[in-house]
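Lettering of chains follows the sequences in order, A, B, ..., and the numbering in each one begins at 1.
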Protein chains: 2
Amino acid sequence: MPMGLSNDDLDRIDELVTIRRRIKRGEFLYQNGDPFSSLYAIRTGFFKTSVTTEDGRDQVTGFQMAGEITGLDGIVSDFHSCDSVALEDAEICVMPFDKIEYLSREVKALQHHVHRIMSKEIVREHGVMLLLGSMRAEERLAAFLLNLVKRLHARGFSRSELVLRMTREEIGSYLGLKLETVSRTFSKFADDGIIVVKQRNIQILDPDALNLIVNSQSCA
Amino acid sequence: MPMGLSNDDLDRIDELVTIRRRIKRGEFLYQNGDPFSSLYAIRTGFFKTSVTTEDGRDQVTGFQMAGEITGLDGIVSDFHSCDSVALEDAEICVMPFDKIEYLSREVKALQHHVHRIMSKEIVREHGVMLLLGSMRAEERLAAFLLNLVKRLHARGFSRSELVLRMTREEIGSYLGLKLETVSRTFSKFADDGIIVVKQRNIQILDPDALNLIVNSQSCA
DNA sequence: CGACACCTTGAAGAGGTTCAAGAAATGTGG
DNA sequence: CCACATTTCTTGAACCTCTTCAAGGTGTCG
């Protein structure tokens, strides 16, 4: 992760990732109200985070995959304010936050890395706000697919094929749409020859078309 | 801000807030693309932050008032990715981020304070995602008013009266609504006797009604 | 005082939701 | 390994909320 570290520093940071934990599909990594103690680095598997209101409404706030960090919401109040659920069997590193803070005080590069991770999450959420606040259904789903495939490709997966680990309802919750709208929009993209949909397997035939949908607010 | 500090630590943290800057209404504090160097603590005044896409769409991502910190978006890439504009004449403290990181390595309480500020922003944005993703116009505006008046009250202002520093259009952008919808919803609240609207002066007559609107998704 | 920005309100229209039914996939237990 | 239950997905039709377009009103600042 951070670069330009001495071997000594590297050894100390290695300590952070010694605790491993396996999470089965459907299990919570943490839940709203749980005491906060650690951040979690995802080694394998796929998670979603969501917030829930008293009146039962809930909103998916993100999907996390290998190499990403989750749990940042707990720092401010020492309690988690959202749920994290594994969408497939997963393995994570438990990184006790007091240890992160301790090492951050010693290792400048780690300190900056932590700051960047948090800033990156803030910037990501700005993007989601833009999506939720000003895009139409097709634009939202196109942006979602492009984002997913980009992150998967950065991890060595195909640039054109992906397997959705979440339901239409979870996609809809994330995008501020109903599951029926997500389904219909997939069908429309398929009819237009932009993608092939086979349940949760998506093949992207025309990524440029998706880009065009996102970056041209209906003035096609 | 952070508690339980030695006088020595306090002196050092005081160094962080020595640089002051005045920003006139309508001026940028920073803009998308500006090199990132500092966080800004607002002493007086009122700001909005917004992101803009290539195709000209933009989205207000937040409103900041006295005592709040802005600029966190710049940490991840060393460049700001959003704009910050003063909505009224303001005074801010410029806090060079390298100095913050330096002092954070020395002063544990400051380090944790910085982490909490970033986590708090992440959690706030979760709330906005919930609002944008799952609330209807009336619920959004009610939540917005309650949030604003709560923050103002924490600063010694009235619990029932507030002056909006932003236009209907800016409120709409933040809430994912058109300015006409914002205006109409204000009028409806006024007709229902929940608030009194006189341009940007809002008087809240029935805060419980607003709470009810937020926490009961149409099953009134 | 006049120009400009901001706000309100109406009427028509579009996009997404809701309700409903059926099909396809997945998981479970015998 | 198959039958059945359950979950997930698709599609249609009616409806509703919010948007769009338009016009007029109000406030503000040079």
- Task: For A/Glu169 and D/dC9, give me the distance from atom CD to atom P, rounded to whole Å.
- Result: 9 Å
- Message: Whole angstroms only, please: what is the CZ-P distance between B/Phe189 and C/dT9?
- Response: 14 Å
- Tell me what A/Leu179 touches on the nucleic acid: a base, only sugar-phosphate, or nothing, going by heavy atoms under 4.0 Å. base
- Task: Could you check how far CZ of A/Arg168 sits from P of C/dG16, rounded to whole Å?
- Result: 17 Å
- Item | Atom-pair distance (CD on A/Gln199; C1' on C/dG27), nearest Å | 14 Å
- Side-chain (A/Arg151) to main-chain (A/Asn147) donor-acceptor, under 3.5 angstrom: no
- Task: Tell me what A/Thr167 touches on the nucleic acid: a base, only sugar-phosphate, or nothing, going by heavy atoms under 4.0 Å.
- Result: sugar-phosphate
- For side-chain contact (heavy atoms from CB on, under 4.5 Å), just list the numbers for A/Glu170 and A/Tyr174, CA-CA rounded to whole Å, side-chain angles, deciding distance to a tenth of an Å, and then say yes or no. CA-CA 6 Å; A/Glu170 287 162 337; A/Tyr174 183 59; over 6 Å; no
- Task: Quick one: label A/Arg140 by what it contacts on the DNA or RNA (base, sugar-phosphate, nothing), any heavy atom closer than 4.0 Å.
- Result: nothing
- Message: Looking at D/dC18, I'd like to know if its phosphate oxygens (OP1 or OP2) sit under 4.0 Å from a side-chain N or O belonging to B/Thr181.
- Response: no
- What about B/Arg184, does its side chain sit under 3.5 Å from the base of D/dT20 through a donor-acceptor pair? yes
- Let me know the distance between CD1 of A/Ile202 and C1' of D/dC9, rounded to the nearest Å. 12 Å
- Message: Applying a 4.0 Å non-hydrogen cut-off, can you work out what B/Ser187 is touching in the nucleic acid: base, sugar-phosphate, or nothing?
- Response: sugar-phosphate
- Item | Between A/Glu125 and B/His126: side-chain donor-acceptor atoms closer than 3.5 Å | yes
- Within less than 4.0 Å of OP1 or OP2 of D/dT28, is there a side-chain N or O belonging to B/Arg25? no
- Message: Under 4.0 Å, heavy atoms only, any strand: does B/Ser183 hit a base, just the sugar-phosphate, or nothing?
- Response: base
- Task: Ignoring hydrogens and angles, state whether a donor on the side chain of B/Thr70 or B/Tyr30 is under 3.5 Å from an acceptor on the partner side chain.
- Result: yes
- Is B/Gly176 touching bases, backbone alone, or none of the nucleic acid, heavy atoms closer than 4.0 Å? sugar-phosphate
- Check whether any side-chain nitrogen or oxygen of B/Arg200 sits under 4.0 Å from OP1 or OP2 of C/dC7, and answer yes or no. yes
- Roughly how many Å is it from CE in B/Met135 to C1' in D/dT17, rounded to a whole number? 17 Å
- Task: Fit a plane to each ring of A/Phe36 and A/His80, take the angle between them on a 0 to 90° scale, and name the class: parallel (under 30°), tilted (30 to 60°) or perpendicular (over 60°).
- Result: perpendicular
- Item | Protein-nucleotide distance (A/Lys198, atom NZ; D/dT10, atom P), rounded to Å | 13 Å
- Message: Just the rounded figure in Å: distance from C1' of C/dG10 to NZ of B/Lys178.
- Response: 19 Å
